[in-house]
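Below, chains carry the letters A, B, ... as their sequence lines are ordered, and counting in each starts from 1. Fair warning: this is a prediction, and the values are worked out from it, not measured in the lab.
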Amino acid sequence: MSFQIPRGTQDILPGEAEKWQYIEQMARDICRRYNYQEIRTPIFEHTELFLRSVGDTTDIVQKEMYTFEDRGGRSITLRPEGTAAVVRSFVENKMYGNPNQPVKLYYMGPMFRYERPQAGRFRQFVQFGVEALGSSDPAIDAEVIALAMELYHSLGLKKLKLVMNSLGDAPSRKAHRQALIDHFKGRISEFCEDCQSRLEKNPMRILDCKKDRDHELMETAPSILDYLNDESRLYFEKVQLYLTKLGIAFEVDPRLVRGLDYYNHTAFEIMSEAEGFGAITTLCGGGRYNGLVQEIGGPETPGIGFALSIERLLAALAAEGITLPVAQGIDCFIVALGEKAKDESVILVNKLRQSGMKVERDYQDRKVKAQLKAADRLESAYVAILGDDELEKQVIAIKNMATGEQTEVSLHSFVQYMKTAVESK
RNA sequence: GCGGCUAUGGCGAAGUGGUUAACGCACCAGAUUGUGGCUCUGGCAUUCGUGGGUUCGAUUCCCACUAGUCGCCCCA
């Protein structure tokens, strides 16, 4: 074997690609109805953008970025997530000056993270995400979450869990942070190495630790929810109220901490609860990032968004045994026998296609039997057979593959006959 | 970045330190010289991920590499 695909990447082959198209189409249609517009940004950005936005203490920045120097000596990074670039573009193109606020955007495309591949984890994966910039109305938080849920529901997923938390605003976080440090400080030596280093850098993440989750101090640790100031608390309550009014079930998990530094207030994850899904169950993650636009050099602008992986969405569909209604099969297969008939079939195939039908023929010089077999394999609804006999009479035989019935129609009425047959099917 | 398991034809899968590598599916041909889905017959891996080692001999034993897979960390 001379070449193989790079680790953690995948070819999406025919048969599978149709599912992607179906999902993408569904996502676009939902965005249209929610009035989110597509934005396409480059696949790479200046490294500095991600250091600033994602946060240089995060795992993404510390060990997962595809960073390289280009020929001009610039440090370039393949985007590990979508929000940074959208915000960069928002600022660079002065979308904050757009009279239509908030600016509601969506994107779909590959992201890159240098990781060990695993079930549901790839080095190149596709994210669909939305960002709403310019509003701090809790209704937009609920709208963004509803949009994600609608996509999953419209594809038939049922076994989902929406988990919510509020990370609060800056003063709330600061107070909570201090409370956490005070809580763990005395006995931090009883915790894992990671947690020990988290104590000063980001004590909130200790709560998220899988290793030490049973430690008694975890139970009694101060919850962010108790440290939210009035403004933050009311905001979170309003988001929950709206979700409830929308009939979207959720649970509040005060331990939910998102991996990127830029989040505040609303944080949420949508997870699959399907049996045998594997270790990674997060389908979608998102939250509010009110300081990010300013961090990137724009005016103070609130924002909220989410990102979800199409790969994991497909895995969730598979886990729930859902088959997407992707069209398969063709309308007509033209079997041609003999040189003259083959010459004629070139034209007939073209005519059918131009009138909207999905049509195929033989290009392998196969015998009748094999051509019929090929038609069967392609799940063709009809087969049209043209040989010397038919050519002489200026007719063509049409066989309904489901019933086996066969009739002859004149060549000049062939296209019209096929059209009505296919449409009435 | 760390650990477990795996690597045989287009796919699934058995197998043994020794001159012919099961089987199933798919595919091709024929039985049916102009008609598919069923049946029958035949065909289809100078070769067992790559490289090296042990051995008289390795697909089978050992090592490395690569890849897949599952898990840890973390995330989408």
Side-chain angles (χ1 to χ4, degrees), chain A residues 1-10 13 54 57-65 79-83 108-129 148 192-195 197-198 202 205 208-212 256-260 269-272 276-286 305-316 333 335-338 341 362 364-391 396-406:
Chain A
M1 197 183 301
S2 45
F3 289 105
Q4 50 185 227
I5 198 168
R7 184 163 211 204
T9 64
Q10 54 183 346
L13 304 176
V54 176
T57 63
T58 59
D59 273 16
I60 290 181
V61 167
Q62 286 191 333
K63 55 181 205 186
E64 294 173 4
M65 295 207 304
R79 61 185 186 189
E81 58 100 45
T83 304
M108 217 179 314
M111 304 296 164
F112 306 84
R113 293 185 199 173
Y114 191 87
E115 297 194 85
R116 279 280 294 263
Q118 192 186 320
R121 179 190 292 159
F122 305 90
R123 290 189 172 179
Q124 175 176 332
F125 56 100
V126 175
Q127 281 190 340
F128 160 65
C192 71
E193 274 182 37
D194 286 339
C195 284
S197 67
R198 283 171 182 145
N202 195 346
R205 308 214 66 153
D208 206 31
C209 182
K210 308 294 188 288
K211 283 185 200 150
D212 295 319
L256 176 71
V257 181
R258 309 245 54 250
L260 304 126
E269 270 184 28
I270 301 170
M271 302 188 275
S272 173
F277 192 73
I280 299 171
T281 57
T282 303
L283 300 178
C284 171
F306 72 70
L308 63 85
S309 144
I310 308 293
E311 289 83 357
R312 289 185 187 175
L313 171 46
L314 284 162
F333 188 100
V335 173
L337 308 164
D362 171 67
Q364 305 300 118
D365 201 27
R366 285 191 263 240
K367 297 177 182 174
V368 206
K369 189 184 167 81
Q371 290 194 42
L372 261 296
K373 204 171 178 184
D376 190 51
R377 207 162 36 219
L378 289 170
E379 294 177 52
S380 191
Y382 294 91
V383 165
I385 303 166
L386 188 68
D388 291 338
D389 299 352
E390 286 82 3
L391 220 42
I396 187 164
I398 296 171
K399 178 168 186 172
N400 180 323
M401 292 294 272
T403 63
E405 288 165 20
Q406 190 166 321

Starting at the 5' end of RNA chain B and moving along, which residue's nearest nucleotide shows up first, A:E115 or A:F277?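 The residue mapped nearer the 5' terminus is A:F277.
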5'-most contact on RNA chain B: A:S380 or A:C284, nearest heavy atom basis?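 Its nucleotide being nearer the 5' end, the pick is A:S380.
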Using a heavy-atom cut-off of under 4.0 Å over every strand shown, decide if [X] touches base, sugar-phosphate, or nothing.
X: A:G129; value: nothing
X: A:K63; value: base
X: A:E379; value: nothing
X: A:E311; value: nothing
X: A:A375; value: nothing
X: A:I280; value: base
X: A:G286; value: nothing
X: A:F333; value: nothing

Spacing of the [atom1] atoms in [M] and [N] (rounded, Å):
N: B:rC48; M: B:rU60; atom1: P; value: 9 Å
N: B:rU59; M: B:rU6; atom1: C1'; value: 15 Å
N: B:rG15; M: B:rA58; atom1: P; value: 22 Å
N: B:rU47; M: B:rG10; atom1: P; value: 13 Å
N: B:rA14; M: B:rC23; atom1: C1'; value: 7 Å
N: B:rC44; M: B:rC61; atom1: C1'; value: 32 Å
N: B:rA45; M: B:rU41; atom1: C1'; value: 22 Å
N: B:rG57; M: B:rA13; atom1: P; value: 33 Å

Answer yes or no: side-chain N or O of [X] and base N or O of [N] forming a donor-acceptor pair under 3.5 Å.
X: A:Q406; N: B:rU35; answer: yes
X: A:R121; N: B:rA76; answer: no
X: A:Q118; N: B:rG68; answer: no
X: A:R116; N: B:rG3; answer: yes
X: A:D376; N: B:rG36; answer: yes

Taking the minimum atom-to-atom distance to the side chain of [X], which one of [options] wins?
X: A:Y114; options: B:rG1, B:rU35, B:rA29; result: B:rG1
X: A:M401; options: B:rG34, B:rG36, B:rC73; result: B:rG36
X: A:I385; options: B:rG34, B:rC75, B:rC73; result: B:rG34
X: A:A279; options: B:rC74, B:rG71, B:rC28; result: B:rG71
X: A:S309; options: B:rC70, B:rC74, B:rA76; result: B:rA76
X: A:V368; options: B:rG36, B:rU35, B:rC73; result: B:rU35

Short side-chain donor-acceptor distance under 3.5 Å, A:T282 and A:E269: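 Looking only at side-chain atoms, A:T282 and A:E269 do form a donor-acceptor pair, the distance falling under 3.5 Å.
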Any side-chain heavy atom of A:L391 sitting closer than 4.5 Å to one from A:L386?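 The answer is yes, as the side chains (C-beta and beyond) meet within the 4.5 Å cut-off.
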Is the closest side-chain heavy-atom distance between A:R312 and A:F125 below 4.5 Å?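 A side-chain contact under 4.5 Å is absent here.
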Using a cut-off of strictly less than 4.0 Å, decide whether [X] has a side-chain nitrogen or oxygen near OP1 or OP2 of [N].
X: A:K369; N: B:rG36; result: yes
X: A:R366; N: B:rC28; result: yes
X: A:R377; N: B:rC27; result: yes
X: A:R7; N: B:rG68; result: yes

Without decimals, in angstroms, what is the distance between A:L314 CG and B:rA76 C1'?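 Taking atom C1' of B:rA76 as the reference, CG of A:L314 is at 13 Å.
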Just the rounded figure in Å: distance from C1' of B:rA76 to CZ of A:R312.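 Result: 4 Å.
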Looking only at non-hydrogen atoms, find the nearest pair between [X] and [Y] and report the distance.
X: A:A148; Y: A:C284; answer: CB-SG, 4.2 Å
X: A:R7; Y: A:R123; answer: O-CD, 3.3 Å
X: A:F277; Y: A:S272; answer: CD1-OG, 3.9 Å

Counter-base of [N], judged by Watson-Crick or G-U geometry with both distances under 3.5 Å:
N: B:rA76; value: none
N: B:rA13; value: none
N: B:rA29; value: B:rU41
N: B:rC65; value: B:rG49

Apply side chain to side chain contact (heavy atoms under 4.5 Å, CB included) to residues A:Y114 and A:K63 and explain how you reach the verdict. CA-CA 7 Å; A:Y114 191 87; A:K63 55 181 205 186; over 6 Å; no
CD1/A:I310 to CE/A:M108 distance, rounded to the nearest 0.5 angstrom?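 The CE atom of A:M108 is 6.5 Å from CD1 of A:I310, to the nearest 0.5 Å.
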